[in-house]
Undergrad: 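Provided herewith is a single structure, encoded as structure tokens, for subsequent inquiry.
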Amino acid sequence: MRLPESANVLLLGSGGREHAFAWKIAQSKRLARLFIAPGNAGTALCGTNVDINPTNFGSVKQFVLSNNINMVVVGPEEPLVRGIYDFFREDSQISNIPVIGPSALGARLEGSKEFAKDFMTRHGIPTARYRSFTKKNVEEAYAFLETLQAPYVLKADGLAAGKGVLIVPSLEEAKRELGEMLSGRFGHAGDTVVIEEYLSGIECSVFVATDGKSYRVLPVAKDYKRVGEGDTGPNTGGMGAVSPVPFADEAFMGEVVRTIVEPTVEGLRKDGIDYKGFIFIGLMNVGGKPYVIEYNVRMGDPETEVVFPRIESDLIDLFEAIAFGRLDRHELVVSPRTAVTVVCVSGGYPGEYAKGMEISGLGKPSDSIVFHAGTSAKGAKVLTAGGRVLAVTSFGDGIEQAAAASYRTIETIDYQGKYCRTDIGRDLL
């Protein structure tokens with residue numbers, strides 16, 4: 001099977017990742033019409049926003065049928081964990097329309113930390129030592145904590161809006177936080193808590209496209225999670241990203257492919273898990289050896305905003321190869337240039353922040369790509385509508401040059417409470 005030469009695409013999601021998807025899809029020679037549900041002020045520049053909740057599968061189905069959609073691309077994790085891929089496969093009216101994303105079972109790699117750790121153990125994929133606990137065996141959990149060295153890593157098993165992972169410095173605090181997690185701090189996401197040993201090293205994000213049999217490794221990125229300069233302060237959804245990553249050289253990536261990527265894809269096949277989409281492998285480089293910190297079952301944010309601009313080949317061709325099992329014949333073309341993304345957030349993020357602030361300077365000429373994350377349109381005005389507002393991506397001949405270009409563009413954009421880190425990529429120089 002193939003897509004038509006000119007395809008109608010529905011993209012689900014509304015963040016910076018989805019604007020990057022929309023921006024790249026819109027460049028495809030094979031695109032007829034692009035719809036984004038629900039989208040943001042930036043995606044509206046690439047296609048048509050539609051007011052549909054991505055987790056309302058019935059509404060998604062009706063839109064697909066009414067608008068002759070040829071492919072559905074899923075940006076965020078929640079529709080995948082809830083089973084949108086299976087919903088399409090099991091409905092005879094839409095079963096012929098490919099969905100880019102894994103089955104609900106495959107999405108458990110992100111939806112359940114316990115499932116993911118069991119998968120890694122079963123398939124010999126290097127990861128930190130761990131055990132899972134519930135309220136019923138909390139005393140065993142305390143005993144397991146006592147076998148570990150500080151700091152301590154606690155992970156809510158389920159989806160917790162990116163806030164379910166805690167790294168705490170002392171045993172006493174770890175026991176207290178564990179008790180709070182098991183008592184409903186993260187709702188049902190924390191009914192089970194995974195405790196694992198802390199790995200010391202430097203992180204990077206490896207993205208893999210797979211059709212369930214073959215794979216292609218996309219550009220590697222490093223993101224910056226903490227809100228403050230020098231990686232201080234609370235965790236966020238991401239304050240910036242860099243690609244490529246200097247330490248992810250040919251030798252390191254060869255080890256990643258051999259010990260992690262190939263066993264992951266082969267493990268999915270052996271376990272009979274239907275997976276046609278992206279795998280985001282969060283890695284820790286521990287003395288040159290890669291260990292898996294977590295799986296996500298979609299592209300990362302803000303990493304997509306730094307990875308997709310480096311991909312020079314056609315994105316719809318990539319989606320078609322994923323959907324119809326031809327990824328082994330797909331040529332992925334990647335720019336050798338360096339890209340740096342800097343995220344502008346609302347004042348107070350990741351805590352309380354105001355919305356509805358008018359953004360100025362977006363129309364000014366620039367060498368950067370300005371991706372919208374949390375924005376909305378009100379007439380001709382663009383307003384802030386989230387914690388992470390914009391992701392500014394620039395190219396350069398190295399990290400320093402690319403970062404400088406992004407910061408120059410950010411200086412021309414303004415809104416009340418604008419904040420960004422000024423040190424993205426500096427640790428890699």
Undergrad: For Asp51, does the CG atom have more than 12 heavy-atom neighbours from other residues, nucleotides or ligands under 6.0 Å away?
TA: no
Undergrad: If we ignore hydrogens and angles and just use 3.5 Å, is the side chain of Asp211 paired with the main-chain N or O of Lys276 as donor and acceptor?
TA: no
Undergrad: Decide salt bridge (Lys or Arg N to Asp or Glu O under 4.0 Å) for Asp274 and Arg89; before the verdict, give the C-alpha distance in whole Å, the side-chain angles of both, and the deciding distance to 0.1 Å.
TA: CA-CA 11 Å; Asp274 204 0; Arg89 293 289 73 74; over 6 Å; no
Undergrad: Checking side-chain polar atoms at under 3.5 Å, does Ser346 have a donor or acceptor matched by the opposite partner on Thr384?
TA: no
Undergrad: Closest approach of Leu327 and Ser214, non-hydrogen atoms and distance?
TA: CD2-O, 3.9 Å
Undergrad: Does atom CD of Glu90 have more than 12 heavy-atom neighbours, drawn from other residues, nucleotides or ligands, at distances under 6.0 Å?
TA: yes
Undergrad: Take atom NZ in Lys289; do more than 12 heavy atoms of anything else shown fall under 6.0 Å from it?
TA: no
Undergrad: Return each pair, listed once, that meets ring pair (Phe, Tyr, Trp, His ring centres under 6.0 Å) where at least one residue sits in residues 296-319; pairs must be two or more places apart or across chains.
TA: Phe21-Phe308
Undergrad: Looking at Ala221 and Val245, what are the two nearest heavy atoms and their distance?
TA: C-CG2, 3.4 Å
Undergrad: Looking at Val208, Val292, Thr210, Ile279, which hits side chain to side chain contact (heavy atoms under 4.5 Å, CB included) with Thr264?
TA: Ile279
Undergrad: Between Val297 and Ala107, what is the shortest heavy-atom contact and its length?
TA: CG1-CA, 3.8 Å
Undergrad: Do Lys225 and Asp223 sit within salt-bridge range, that is, some charged N less than 4.0 Å from a carboxylate O?
TA: yes
Undergrad: What pairs meet the side-chain hydrogen bond (donor to acceptor under 3.5 Å, both in side chains) rule with one or both residues in residues 333-342, with sequence neighbours excluded?
TA: Thr341-Thr393
Undergrad: Do Ser103 and Asp86 have a side chain donor and acceptor closer than 3.5 Å?
TA: no
Undergrad: On the 0 to 90° scale, with breaks at 30° and 60°, tag the Phe119-Phe115 ring pair as parallel, tilted or perpendicular.
TA: parallel
Undergrad: Verify the neighbour count for atom CG of Asp367: are there more than 12 heavy atoms of other residues, nucleotides or ligands below 6.0 Å?
TA: no
Undergrad: Between Ile369 and Val392, is there a side-chain heavy-atom distance shorter than 4.5 Å?
TA: no
Undergrad: Any ring pair (Phe, Tyr, Trp, His ring centres under 6.0 Å) pairs touching residues 73-93, not counting sequence neighbours?
TA: Phe57-Phe87
Undergrad: Determine whether Lys113 and Val193 satisfy the following criterion, side chain to side chain contact (heavy atoms under 4.5 Å, CB included), listing intermediate values before the conclusion.
TA: CA-CA 8 Å; Lys113 302 288 192 301; Val193 174; over 6 Å; no
Undergrad: Before you tell me yes or no, could you show the steps for Arg82 and Glu78 under salt bridge (Lys or Arg N to Asp or Glu O under 4.0 Å), namely the whole-Å CA-CA distance, both residues' side-chain angles and the distance that decides it to 0.1 Å?
TA: CA-CA 6 Å; Arg82 291 194 182 195; Glu78 190 174 0; 2.7 Å; yes
Undergrad: Check whether the side chains of Glu114 and Thr192 place a donor and an acceptor atom closer than 3.5 Å, and report yes or no.
TA: no
Undergrad: Is there a salt bridge (Lys or Arg N to Asp or Glu O under 4.0 Å) between Asp231 and Arg421? Walk through the geometry before answering.
TA: CA-CA 9 Å; Asp231 261 357; Arg421 279 181 55 170; 2.8 Å; yes
Undergrad: Check this for me: does any side-chain nitrogen of one of Glu110 and Arg298 sit under 4.0 Å from a carboxylate oxygen of the other?
TA: yes
Undergrad: Going by atom types alone, do Glu229 and Thr422 pair a side-chain donor with an acceptor below 3.5 Å?
TA: yes
Undergrad: List in chain and number order the residues that pass side-chain hydrogen bond (donor to acceptor under 3.5 Å, both in side chains) with Arg388, two or more places apart in sequence or in another chain; answer none if no residue qualifies.
TA: none
Undergrad: Who pairs with Arg2 by side-chain contact (heavy atoms from CB on, under 4.5 Å), at least two apart in sequence or on another chain?
TA: Glu5, Arg30, Glu320, Arg326
Undergrad: Given Arg122 and Asp271, is the salt bridge (Lys or Arg N to Asp or Glu O under 4.0 Å) satisfied, shown in steps?
TA: CA-CA 10 Å; Arg122 187 164 61 251; Asp271 290 354; 2.8 Å; yes
Undergrad: Taking all non-hydrogen atoms of both residues into account, name the closest pair between Ala391 and Glu305 and its distance.
TA: CB-OE2, 3.8 Å
Undergrad: Could you note down all residue pairs passing salt bridge (charged side-chain N to carboxylate O under 4.0 Å, His left out) where residues 151-161 supplies at least one of them, sequence neighbours left out?
TA: Lys155-Glu196
Undergrad: Any heavy-atom pair between the side chains of Tyr130 and Thr121 that's under 4.5 Å?
TA: yes
Undergrad: So, using side-chain hydrogen bond (donor to acceptor under 3.5 Å, both in side chains) as the criterion, who are the partners of Thr55 when residues are at least two apart?
TA: Asn53
Undergrad: When you compare the side chain of Ile52 with that of Pro38, does any pair of heavy atoms fall below 4.5 Å?
TA: no
Undergrad: What residue pairs, at least two apart or across chains, pass ring pair (Phe, Tyr, Trp, His ring centres under 6.0 Å) with a residue in residues 1-20?
TA: His19-Phe371, His19-His372
Undergrad: Can you sort out the partners of Thr259 under side-chain contact (heavy atoms from CB on, under 4.5 Å), two or more places apart, ordered by chain and number?
TA: Pro126, Glu255, Pro290
Undergrad: Which heavy atom in Met181 sits nearest to a heavy atom in Ala156, and how many Å separate them?
TA: CE-N, 3.4 Å
Undergrad: I'd like to check the side-chain contact (heavy atoms from CB on, under 4.5 Å) partners of Ala404; sequence neighbours left out, ordered by chain and number.
TA: Arg408
Undergrad: Among Glu294, Glu197, Lys117, which residue meets the side-chain hydrogen bond (donor to acceptor under 3.5 Å, both in side chains) test with Thr127?
TA: Lys117
Undergrad: So which atom in Ile293 and which in Met284 form the shortest heavy-atom distance, rounded to 0.1 Å?
TA: CD1-CB, 3.7 Å
Undergrad: Apply the test ring-ring contact (aromatic ring centres under 6.0 Å, His included) to residues Tyr198 and Tyr152: give CA-CA distance (whole Å), side-chain angles for both, the deciding distance (0.1 Å), then the verdict.
TA: CA-CA 6 Å; Tyr198 177 81; Tyr152 303 87; 9.6 Å; no
Undergrad: Listing request: all ring pair (Phe, Tyr, Trp, His ring centres under 6.0 Å) pairs with a residue in residues 254-280, at least two apart in sequence or in separate chains.
TA: Phe207-Phe280
Undergrad: Could you tell me if the side chain of Leu283 sits less than 4.5 Å from the side chain of Tyr291, heavy atoms only?
TA: no
Undergrad: Would you please say whether a donor-acceptor pair under 3.5 Å links the side chains of Ser360 and Asp414?
TA: no
Undergrad: Is any side-chain heavy atom of Leu34 closer than 4.5 Å to a side-chain heavy atom of Thr48?
TA: no
Undergrad: Less than 4.0 angstrom from a charged side-chain N to a carboxylate O is my criterion; do Asp427 and Lys222 meet it?
TA: yes
Undergrad: Can you find a pair of side-chain heavy atoms, one from Val73 and one from Leu10, that are under 4.5 Å apart?
TA: no
Undergrad: Quick one: list whatever passes side-chain contact (heavy atoms from CB on, under 4.5 Å) with Arg310, sequence neighbours left out.
TA: Pro219, Ser243, Pro244, Val334, Ala339, Phe395
